[in-house]
Amino acid sequence: MKEHRGRLTKDGIRIYEPADFAGMHAAGAVAARILDDVAEHVFPGQTTGEIDRIITEMVEAAGAKSATIGYKGYQHASCISVNHVVCHGIPGDKRLGDGDILNIDVTVIVDGWFGDTSRMYVAGKLPRKAERLIQVTHDALFKGIEMVKPGNTFGDIGHAIQTYVEAHRMSVVRDFCGHGLGQVFHAPPNVLHYGRPGTGAVLEEGMFFTIEPMVNLGRPETKTLADDWTAVTRDKSLSAQFEHSVGVTADGVEIFTLSPGGKFHPTYA
Ligand code: MF3
Ligand code: CO
Ligand code: CO
């Protein structure tokens, strides 16, 4: 039975089997390749709706299914979050301006496995302040990923991210978190991007989850707009986010959503 692979820990976290990593790698690679290929479609004057239309076609061309279309009424193949939008930005008619920064978040289903990843892009010339924010957010994700190994806790991941971000005088968003995934989109645990060492559930081989820190230049508080999706910084400060789907191995971590073209880092161009 697909729905009952592996077993659950006492914290309700599913433990997948070694053979299941292949499915996650396949799904993750499709999502990551789409994020690679969409980069050339991000430029000043482009609309986020057009970017989403292109992503929808790419999902279809890959023989995959969008996990977000129809999810809780959401109607798009991506979330596109521009400037002070923290996450869940809805693609639309808004045109990108020179120096706008944006997160594009894509989740696909391949053979029943979910691949969920997001990264930052810039339209035109990257402003200096935004460059710093994007670099710190990117590196914070990897500080978290470095903590992924059996025996460490989810609090260790959150603490590593929070410590790094706050050392750079930026703030970690508390209102959204990473999540378990696998043959479902969102499952236990909530993967907090802040916390104390040694707290939370203990990581075990076979856990699959996302780490997806959102970092603000200003204060951490967010509010959700009247469309019930778009989350923005309350103080209108710039926000950035990177997301990988990962799996815990016997001695560390495998990243399922690595960029096939080495384009995950914002300065690849
Ligand atoms: N991909 C997002 C995440 O990282 C979830 C988007 S749900 C949507 O968990 F409905 F807004 F698309
Ligand atoms: Co996610
Ligand atoms: Co996502």
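Every number for a ligand or one of its atoms is a count from 1 in the order of the listing. Side-chain atoms are counted along with the backbone in the values below, which use heavy atoms only and exclude waters and symmetry mates. Fair warning: this is a prediction, and the values are worked out from it, not measured in the lab.
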Any N/O/S atom, backbone or side chain, of His179 lying under 2.8 Å from the Co ion (ligand 2)? yes
With atoms numbered from 1 as shown, which atoms in ligand 1 lie under 4.0 angstrom from a non-hydrogen atom of His179? 3 (C), 4 (O), 9 (O)
N or O pair under 3.5 Å between Asp116 and ligand 1: yes
Please indicate whether Asp93 has more than 12 foreign heavy atoms, meaning atoms of other residues, nucleotides or ligands, lying under 6.0 Å from its CG. no
Got a sec: does the CD of Glu17 have more than 12 other heavy atoms crowding it under 6.0 Å? yes
Taking all non-hydrogen atoms of both residues into account, name the closest pair between Val30 and Ala64 and its distance. CG1-CB, 4.1 Å
Could you tell me whether Tyr74 and ligand 1 have an N or O pair separated by under 3.5 Å? no
For the pair His179 and Glu212, evaluate side-chain hydrogen bond (donor to acceptor under 3.5 Å, both in side chains) and give the outcome as yes or no after the intermediate values. CA-CA 9 Å; His179 49 93; Glu212 47 182 300; 3.0 Å; yes
Answer with yes or no after comparing the ring centroid distance for His25 and Phe21 against a 6.0 Å cut-off, counting only values under it. no
Decide if atom CD of Glu60 counts as having more than 12 heavy atoms of other residues, nucleotides or ligands within a radius under 6.0 Å. no
Min N/O separation His186 to ligand 1 under 3.5 Å: yes
More than 12 heavy atoms from other groups under 6.0 Å of CG on Asn190: no
Just go through Phe114, Phe176, Trp229 and tell me whose heavy atom is the nearest to atom 11 (F) of ligand 1. Trp229
Suppose we call two aromatic rings close when their centres sit under 6.0 Å apart. Are Phe242 and Phe264 close by that rule? yes
Students often mix this up, so state it plainly: with edges at 30° and 60°, are the rings of His76 and Tyr74 parallel, tilted or perpendicular? perpendicular
Number the atoms of ligand 1 from 1 as they appear, then name those within less than 4.0 Å of a heavy atom of Thr107, with their elements. 1 (N)
The side chain to side chain contact (heavy atoms under 4.5 Å, CB included) partner of Lys65 among Val59, Thr107, Ile109 is Ile109
Between Glu204 and Lys149, is the closest basic N to carboxylate O distance under 4.0 Å? no
May I ask you to establish whether Arg174 and Tyr194 are in a cation-pi arrangement, using a distance under 6.0 Å from NZ or CZ to the six-membered ring centre and at most 45° from the ring axis? yes
Taking only heavy atoms of Tyr71, which atoms of ligand 1 are found under 4.0 Å from at least one of them? 7 (S), 10 (F)
Looking at ligand 1, would Thr210 count as a contact under a 4.0 Å heavy-atom criterion? no
If you measure every N or O of Glu212 against every N or O of ligand 1, does any of those distances drop under 3.5 Å? yes
Quick test: of every protein heavy atom, which one is nearest to atom 5 (C) of ligand 1, and how far off is it to 0.1 Å? Phe185 CZ, 3.7 Å
At a cut-off of 2.8 Å, protein N/O/S around the Co ion (ligand 3) gives Asp105 OD1, Asp105 OD2, Asp116 OD1, Glu243 OE1
Would you mind running through ligand 1 and noting each atom that sits below 4.0 Å from a heavy atom of Thr68? 12 (F)
Gap between atom CE of Met214 and atom CD of Gln241 - 0.5 Å precision: 4.0 Å
Starting from atom 2 (C) of ligand 1, locate the nearest protein heavy atom and write down its residue, its atom name and how far away it is, to 0.1 Å. Asp105 OD2, 3.4 Å
Which atoms of ligand 1 have any heavy atom of Cys79 under 4.0 Å away? 6 (C), 8 (C), 11 (F), 12 (F)
Quick check on the 6.0 Å ring-centre criterion: do His193 and Phe176 meet it? no
Would you kindly specify which portion of His76 sits under 4.0 Å from ligand 1, judged on non-hydrogen atoms: side chain, backbone, both or neither? neither
For ligand 1, is there an atom lying under 4.0 Å from some heavy atom of Lys72? no
